[in-house]
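In what follows, a single structure is set out as structure tokens and then discussed.
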Amino acid sequence: MTFKQRLAWYSDRKLIMLFLWENRFLNPLIPEQQHKLNNSGLLDDKKILEVLEELFPEFESELPKGMYFPVPISRAISQGEKFSIELALRFYYDFIKVDQSQQWSLRNKIITGKILSLFKSNLLFEKETGRYFVEYWSDTRWDKCYLECEITPIMALAIESVSEGFQLQLNNGKNNLLIIDSFRMDNKERCFVKSVNYGEVLLADSPRFWLLDHLDDTRSHLVVGNRRFPVKFSL
């Protein structure tokens, strides 16, 4: 199993390995970030490879899902500590959870107020992994935490017609084009579309009503002015 295959193996089991380099946590499953790590020489450390290829797999079924940091774990082992679940958990972040109501929590505590606003304003999406994450500046580095989502954490607050198609105003403060043939409705009549840069997006009431109001009689096309766009529904 190659190094990248091993990391993908962990990722499939919701064990994400992150590496701090130049004040940012990098994920080698992202090609651009793997290139930076390869150039850094950080991944040439045999002790790190031992942690990933020999020690972690032995305890894989016992480790909680979340993010782990192999570099400080390998340093502790180099200083004489024995690898254990306790050692791994000293260098571990739990996932931020997002439930079906788009309620955020961390370690069973609901996230609200300024912290929730901070997280939402720094909410991003990795196309390569299909995962949402928050990344924000904290003291001397960028902090990063992935989300474990029952539903997309991204919500469209408004839709605007633009020359390129339709633009979404998102709850992370960003604007992004929607993919027009990606509209779907679930069995709770919640409406979703896919965006160009932020994955799937849940429509708030106002844009949801706007879309439904602009469907033709067959409910198969969105009609805006003289333009018609195909719409697919799936439960």
Side-chain angles (χ1 to χ4, degrees), residues 4 7-8 10-37 65-69 93-106 111 115-138 141-160 162 164-186 190-204 206-208 211 232 234:
K4 190 169 184 178
L7 292 175
Y10 285 125
S11 182
D12 289 343
R13 289 156 178 77
K14 297 184 179 180
L15 304 172
I16 311 299
M17 302 297 164
L18 295 178
F19 298 80
L20 181 62
W21 181 251
E22 294 183 343
N23 72 31
R24 216 170 202 124
F25 287 110
L26 303 182
N27 183 343
L29 290 177
I30 311 301
E32 179 185 355
Q33 297 180 24
Q34 183 185 27
H35 181 70
K36 289 182 180 179
L37 287 170
K65 312 307 180 188
M67 290 140 284
Y68 291 87
F69 305 89
Y93 280 177
D94 195 3
F95 288 123
I96 295 172
K97 307 292 196 306
V98 178
D99 68 14
Q100 284 286 341
S101 300
Q102 278 196 335
Q103 187 173 69
W104 293 44
S105 64
L106 181 62
I111 302 171
I115 299 299
L116 181 59
S117 296
L118 172 69
F119 285 171
K120 285 187 176 181
S121 65
N122 291 280
L123 177 59
L124 299 166
F125 179 71
E126 277 180 353
K127 292 182 180 180
E128 296 88 347
T129 64
R131 296 181 185 276
Y132 294 96
F133 66 96
V134 295
E135 187 178 48
Y136 56 92
W137 184 257
S138 176
R141 68 174 187 229
W142 291 90
D143 213 353
K144 180 175 184 177
C145 187
Y146 284 97
L147 279 59
E148 185 176 37
C149 304
E150 295 180 7
I151 192 175
T152 174
I154 297 282
M155 177 177 282
L157 307 177
I159 294 178
E160 177 186 7
V162 295
E164 301 93 333
F166 294 96
Q167 182 171 266
L168 302 168
Q169 177 189 333
L170 304 176
N171 63 336
N172 62 356
K174 306 294 192 302
N175 294 323
N176 201 221
L177 291 174
L178 67 82
I179 300 172
I180 197 64
D181 62 352
S182 65
F183 177 77
R184 76 174 181 91
M185 182 184 295
D186 69 7
R190 295 177 297 191
C191 297
F192 303 82
V193 293
K194 290 183 179 178
S195 63
V196 172
N197 294 324
Y198 294 97
E200 189 166 67
V201 176
L202 173 65
L203 300 186
S206 178
R208 175 178 177 272
L211 274 174
K232 297 178 182 178
S234 63

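Keep in mind that what you see is a predicted model, and the values were worked out from it rather than measured.
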TODO: Measure the CG-CG distance between L202 and L157 for me, rounded to the nearest 0.5 Å.
DONE: 10.0 Å
Task: Nearest heavy-atom neighbours spanning F166 and I180 - done: CD1-CD1, 3.5 Å
Open item on the list: Is it the case that the ring center of F119 lies less than 6.0 angstrom away from the ring center of Y136?
Closed with: yes
TODO: Report the distance from atom CZ of R208 to atom CD1 of I159, rounding to the nearest 0.5 Å.
DONE: 12.0 Å
Open item on the list: Please evaluate residues L147 and V134 with respect to the criterion side-chain contact (heavy atoms from CB on, under 4.5 Å), reporting the C-alpha separation (whole Å), side-chain torsions for both, the decisive distance (0.1 Å), and the verdict.
Closed with: CA-CA 8 Å; L147 279 59; V134 295; 4.1 Å; yes
TODO: Evaluate the ring pair (Phe, Tyr, Trp, His ring centres under 6.0 Å) criterion for residues F69 and Y93: first the C-alpha distance (whole Å), next the side-chain angles of each, then the deciding distance (0.1 Å), finally the verdict.
DONE: CA-CA 9 Å; F69 305 89; Y93 280 177; 5.1 Å; yes
Task: 4.5 Å side-chain heavy-atom contact, F95 and K14 - done: yes
Open item on the list: Measuring from atom OG of S206 to atom CD of Q169, what distance do you get when rounded to the nearest 0.5 angstrom?
Closed with: 9.5 Å
- [ ] For N176 and V196, work out which heavy atoms get closest and say how close.
- [x] OD1-N, 3.1 Å
Open item on the list: Could you measure the distance from the CG atom of L203 to the CZ atom of R184? Nearest 0.5 Å is fine.
Closed with: 10.5 Å
- [ ] Measure the acute angle between the ring planes of W142 and W137, then classify it against the limits of 30° and 60° as parallel, tilted or perpendicular.
- [x] perpendicular
- [ ] Might you confirm whether atom NZ of K120 has over 12 heavy atoms from other residues, nucleotides or ligands at distances under 6.0 Å?
- [x] yes
TODO: Measure from the side-chain N and O atoms of N172 to the backbone N and O of N122, and report whether any donor-acceptor pair falls under 3.5 Å.
DONE: no
Open item on the list: Assess, by modelled atom type and distance only, whether the side chains of E126 and Y132 contain a donor and an acceptor separated by less than 3.5 Å.
Closed with: no
TODO: Verify side-chain contact (heavy atoms from CB on, under 4.5 Å) between R190 and F192, making sure each step is shown before the conclusion.
DONE: CA-CA 7 Å; R190 295 177 297 191; F192 303 82; 3.8 Å; yes
Open item on the list: So for atom NZ, which belongs to K174, do other residues, nucleotides or ligands contribute more than 12 heavy atoms lying within a distance under 6.0 Å?
Closed with: yes
Task: Trace of the side-chain contact (heavy atoms from CB on, under 4.5 Å) decision for R141 with R24 - done: CA-CA 6 Å; R141 68 174 187 229; R24 216 170 202 124; over 6 Å; no
TODO: Evaluate the criterion side-chain contact (heavy atoms from CB on, under 4.5 Å) for residue pair F183 and K194; output intermediate values, then yes/no.
DONE: CA-CA 7 Å; F183 177 77; K194 290 183 179 178; over 6 Å; no
TODO: Would you give the length of the straight line joining atom CG of N197 to atom CG of L124, rounded to the nearest 0.5 angstrom?
DONE: 10.0 Å
Open item on the list: Using the rule side-chain contact (heavy atoms from CB on, under 4.5 Å), only one of V193, I154, N175 pairs with L168; which is it?
Closed with: V193
Open item on the list: Whether the side chain of T129 engages the backbone of R131 through a donor-acceptor N/O pair (distance < 3.5 Å, no angle test) should be reported.
Closed with: yes
Task: Smallest separation among heavy atoms of L15 and K65, with atom names - done: CD2-CA, 4.0 Å
TODO: Please examine the side chains of M67 and F25, heavy atoms only from C-beta on, and report whether any two atoms are closer than 4.5 Å.
DONE: no
- [ ] For L170 and A156, work out which heavy atoms get closest and say how close.
- [x] CD2-CA, 4.1 Å
Open item on the list: Looking at N171 and M155, would you say the former's side chain and the latter's main chain have a donor-acceptor pair under 3.5 Å?
Closed with: yes
Task: Backbone of T152 reached by a side-chain donor or acceptor of Q102 within 3.5 Å - done: yes
Tabulate below the donor-acceptor pairs under 3.5 Å that side-chain atoms of residues 28-36 make, not counting sequence neighbours, or state none.
{"from": "Q33", "atom 1": "OE1", "to": "N27", "atom 2": "N", "distance (Å)": "2.6"}
{"from": "H35", "atom 1": "NE2", "to": "N39", "atom 2": "ND2", "distance (Å)": "3.1"}

- [ ] Please tell me if the side chains of I16 and S11 come closer than 4.5 Å, counting only heavy atoms from C-beta onward.
- [x] yes
- [ ] May I ask you to decide if S117's main-chain N or O and S121's side chain share a donor-acceptor pair within less than 3.5 Å?
- [x] yes
- [ ] To the nearest 0.5 angstrom, please state how far the OG atom of S105 sits from the CG atom of D99.
- [x] 7.0 Å
TODO: Taking all heavy atoms of P153 and all of W104, pick out the closest pair and write down the distance.
DONE: CB-CZ2, 3.9 Å
Open item on the list: Using only atom types and a distance under 3.5 Å, with no angle test, would you say the side chain of E150 pairs donor to acceptor with the backbone of Q100?
Closed with: yes
